[in-house]
Number of protein chains: 4
Amino acid sequence: MATKDSPEQNPRPVRTGGRVRSEDARRAVLDAAAELLEAAGYGALTIEGVARHANVAKSTVYRWWKSKGALVMDAYTHTVVTRVPEPDTGTVAGDLTSFISDLYRISAYPLRGRALRGLMAEAQLDPAFAEHFRQWVQSRRTVVTRMLIAAIDRDELPADLDLEHATDLVFGPFWYRLLVGHAPLDPDQASSHVAQLLNGLRGS
Amino acid sequence: MATKDSPEQNPRPVRTGGRVRSEDARRAVLDAAAELLEAAGYGALTIEGVARHANVAKSTVYRWWKSKGALVMDAYTHTVVTRVPEPDTGTVAGDLTSFISDLYRISAYPLRGRALRGLMAEAQLDPAFAEHFRQWVQSRRTVVTRMLIAAIDRDELPADLDLEHATDLVFGPFWYRLLVGHAPLDPDQASSHVAQLLNGLRGS
Amino acid sequence: MATKDSPEQNPRPVRTGGRVRSEDARRAVLDAAAELLEAAGYGALTIEGVARHANVAKSTVYRWWKSKGALVMDAYTHTVVTRVPEPDTGTVAGDLTSFISDLYRISAYPLRGRALRGLMAEAQLDPAFAEHFRQWVQSRRTVVTRMLIAAIDRDELPADLDLEHATDLVFGPFWYRLLVGHAPLDPDQASSHVAQLLNGLRGS
Amino acid sequence: MATKDSPEQNPRPVRTGGRVRSEDARRAVLDAAAELLEAAGYGALTIEGVARHANVAKSTVYRWWKSKGALVMDAYTHTVVTRVPEPDTGTVAGDLTSFISDLYRISAYPLRGRALRGLMAEAQLDPAFAEHFRQWVQSRRTVVTRMLIAAIDRDELPADLDLEHATDLVFGPFWYRLLVGHAPLDPDQASSHVAQLLNGLRGS
DNA sequence: CGCTAACCGAGACGGTACGTCAAGTCTTAAC
DNA sequence: GTTAAGACTTGACGTACCGTCTCGGTTAGCG
């Protein structure tokens with residue numbers, strides 16, 4: 001967060017003069033990445049193609065983004081999506097339903113789905129990127145984990161809950177459908193899924 | 001499982017003479033694929049490298065496997081793994097626990113995990129392969145779905161169960177952990193996961 | 001021309017039983033070669049393509065013709081052209097004019113021109129074929145040389161004529177135009193070319 | 001002429017940035033091409049082999065030369081041979097004798113002969129290259145044609161001379177011997193060939 | 001207000017793998 | 001028991017991107 005920041009958070013650039021980064025180029029690259037991602041899919045997206053499409057030198061892309069994954073991640077977080085919702089409805093059922101139906105809503109935005117699937121793929125192929133990706137995933141898990149802890153504080157859930165696994169139960173089925181594509185993600189099913197989930201978590 | 005079969009099931013080759021396919025070459029390719037998969041990961045595996053490693057002509061690989069995904073899929077199913085277990089313990093809890101702990105046991109075989117993750121990645125990048133992959137996934141889902149139907153027949157589970165989603169609850173968290181790698185897969189947790197799952201499925 | 005014979009003159013086939021050669025296959029190959037030669041030119045003609053086009057196994061082609069050049073040479077002599085004319089008009093001017101205008105007439109048969117040019121090209125690239133080709137060329141040179149000798153006998157030409165070079169003067173310009181293609185070959189110009197040639201050969 | 005120029009004469013590259021072309025790489029490629037041409041002949045020369053031999057990336061070769069023919073043509077004109085002689089002795093007999101004996105002298109340089117024969121072969125096989133080759137041939141024809149025109153101006157030859165055919169009579173026999181190889185090219189025979197030729201051209 | 005550092009574009013470089021194609025050899029099945 | 005079918009090894013093809021590397025030419029800000 002914090003500053004306007006460059007894609008990779010450089011802790012302190014220590015500017016001592018020199019030409020300043022072109023915002024035009026940055027936007028052009030991110031837009032081109034998003035566009036090509038939508039048009040051809042993650043696998044067919046190349047840095048060379050993005051540079052060409054953005055009318056930007058290849059070296060400019062490489063200067064600011066060290067991998068295809070980093071670029072798409074940036075395009076995803078800055079261009080594709082804006083904000084992670086962090087609902088606070090007072091009950092865990094409400095919070096989770098809101099969160100999950102929001103997750104499932106991705107089916108309405110094919111570009112986002114394509115980006116997410118591509119990022120997950122990249123994480124499997126490039127260990128360096130996997131680390132970044134894992135951190136991003138972790139940031140989203142934390143949102144859910146916080147909901148669950150709040151629920152425990154309100155005695156809605158048992159104190160000995162396996163938070164890790166409970167969080168997996170939220171994200172796992174979502175990713176599984178997204179990646180395999182055997183069945184659609186339907187926001188309307190969110191509440192029934194949550195009910196079932198909470199039943200399980202509350203124990204017999 | 002029909003015959004010894006060739007990688008892509010050709011409905012009937014109609015041999016009318018000519019040199020027969022070299023079983024040596026076939027095994028060498030599959031073994032090389034498995035070996036390189038283990039050594040370098042799916043992303044770093046190339047058809048060129050497999051051919052080199054197997055002491056086989058590149059065109060021979062291309063003749064029989066039309067993509068990297070198809071090759072690894074074949075290597076996975078023929079070399080890496082032998083048999084999908086299909087437990088029948090008499091109770092759904094037993095069946096699922098057996099099945100899931102078996103799933104989680106993949107953590108003991110890094111090669112298998114790498115293969116699975118690579119296949120999932122490929123499915124995101126190559127739509128043509130995705131179709132094959134989806135079929136394979138479906139075949140594994142069917143095993144679980146059958147268990148659930150048997151459970152319904154035994155009145156262990158309600159008849160109005162959403163089989164699709166229930167099956168997702170079995171595989172989703174597994175794949176999610178496998179792919180993200182934020183936490184280990186522990187076979188010992190299988191029974192508690194199953195208990196929680198069944199609690200949820202049985203309704204309030 | 002002896003027997004039904006195979007393209008390369010085997011001194012004695014000595015059949016001792018076994019499957020007989022398919023005449024169908026032989027014709028199909030020659031026809032396919034001629035057709036592809038016409039359609040795509042010598043450079044784009046491949047043994048693989050001929051076999052495919054003739055619905056014949058590649059090895060069948062290889063058994064009977066040991067190179068692309070040999071095949072085209074065969075197709076040329078058996079399919080494309082029938083007979084070398086050997087005029088005898090009584091005067092060297094008549095003989096040469098007849099022969100040369102016949103040569104130049106090739107411009108009316110693009111297939112023949114293509115074949116000849118391809119054979120010459122092949123001879124530059126494959127030393128083994130060059131030897132065969134040279135023999136064939138020699139056989140055509142002999143026809144001209146014989147005319148010149150007859151002319152000397154009739155005192156139409158000086159006895160100390162350099163037969164080798166004189167023959168080159170007949171074929172050289174022909175091949176040069178055929179190969180370079182900078183100007184057309186016109187049969188009507190044959191007689192003037194011959195007149196000029198004889199002027200030169202007869203000395204001052 | 002003019003400048004050091006790049007292989008394909010670009011009338012003005014208009015540098016607008018970008019790394020400059022490596023002269024080292026250019027020379028290495030041309031030298032390697034000349035060397036391999038000498039060692040193995042035109043047919044056995046491959047772009048892949050040239051790149052390997054020159055310690056240069058294959059893509060660098062393809063960047064600058066669009067075909068094997070273009071490469072060898074360049075190697076031939078820049079490395080193998082330096083300059084076309086353009087004699088001016090005052091008489092057409094002298095000019096032609098000088099020119100032709102120079103032509104025939106190629107027999108002393110096997111590499112040049114091999115290159116020429118290979119280029120002619122390529123022109124038969126690759127229509128695109130044929131065009132380039134024809135232009136090069138034309139440039140050499142022009143030298144001879146100019147000599148003949150000068151001779152006409154000096155009344156050494158008749159004004160109604162067929163320049164096209166006369167030029168063919170100079171080059172045709174040369175190429176014919178070079179390509180067929182049925183007899184050697186002997187520079188000493190140049191003057192007698194010229195005498196004969198002029199006899200013919202001057203008419204009865 | 002000129003220096004200077006960092007940017008930007010262009011694009012060549014050595015690489016690697018791609019997927020295709022044809023060459024020519026070898027083994028098996030058919031006649 | 002020869003011929004024909006077809007899988008095999010080999011190796012070059014030409015293409016596409018990779019990531020790195022010069023270049024020439026801006027464009028701040030600092031001194």
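Convention: sequence-line order gives letters A, B, ...; per-chain numbering from 1. Side-chain atoms are counted along with the backbone in the values below, which use heavy atoms only and exclude waters and symmetry mates.
In this structure, the NE2 atom of D/H53 is 14 Å from the P atom of F/dA12, given to the nearest Å. Between A/R26 atom CZ and E/dC8 atom P there is a gap of 12 Å when expressed in whole angstrom units. One atom, CG of D/D126, and another, P of F/dG14, lie 9 Å apart when rounded to the nearest Å. For the pair B/E23 CD and E/dT28 P, the interatomic distance rounds to 14 Å; values are reported in whole Å. For C/W65 and F/dA4, the CH2 to C1' distance is 13 Å, given to the nearest whole Å. Going from atom CZ of D/R21 over to atom P of E/dC13 covers 7 Å, rounded to whole Å.
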Please lay out, stage by stage, how B/L30 and B/L71 fare under the test side-chain contact (heavy atoms from CB on, under 4.5 Å). CA-CA 8 Å; B/L30 292 177; B/L71 170 56; 4.1 Å; yes

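Residue-level contact check: B/T60 touches the bases, meaning some heavy atom is under 4.0 Å from a base atom.
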Within the 4.0 Å limit for protein heavy atoms, which parts of nucleotides 16-21 of chain F are touched? Write it as a string from 5' to 3', B for base, S for sugar-phosphate only, - for none. -SBBBB

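For A/W64, counting side-chain heavy atoms from C-beta on, the closest listed nucleotide (F/dT9, F/dA28, E/dC7) is E/dC7.
Residue whose closest nucleotide on DNA chain F sits further toward the 5' end, between C/N55 and B/R63: C/N55.
D/A39 meets the side-chain contact (heavy atoms from CB on, under 4.5 Å) test with no other residue; sequence neighbours excluded. Applying the salt bridge (Lys or Arg N to Asp or Glu O under 4.0 Å) rule to B/E48 yields the partners B/K58; only residues at least two apart in sequence or on another chain are considered. D/E38 is linked by a salt bridge (Lys or Arg N to Asp or Glu O under 4.0 Å) to nothing, counting only residues two or more places apart in sequence or in another chain. Taking C/R114 as the reference, nothing meets the side chain to side chain donor-acceptor pair (under 3.5 Å) condition, with sequence neighbours excluded.
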Which atom pairs, one a donor and one an acceptor, fall under 3.5 Å between side chains of residues 117-124 of chain A and the rest of the protein, sequence neighbours left out?
| unit_1 | atom_1 | unit_2 | atom_2 | d |
| --- | --- | --- | --- | --- |
| A/R117 | NE | B/Q124 | OE1 | 2.6 |
| A/R117 | NH2 | B/Q124 | OE1 | 3.4 |
| A/E122 | OE1 | A/Y42 | OH | 3.1 |
| A/Q124 | OE1 | B/R117 | NE | 2.6 |
| A/Q124 | OE1 | B/R117 | NH2 | 3.3 |
| A/Q124 | NE2 | A/M120 | O | 3.2 |
| A/Q124 | NE2 | B/L179 | O | 3.0 |

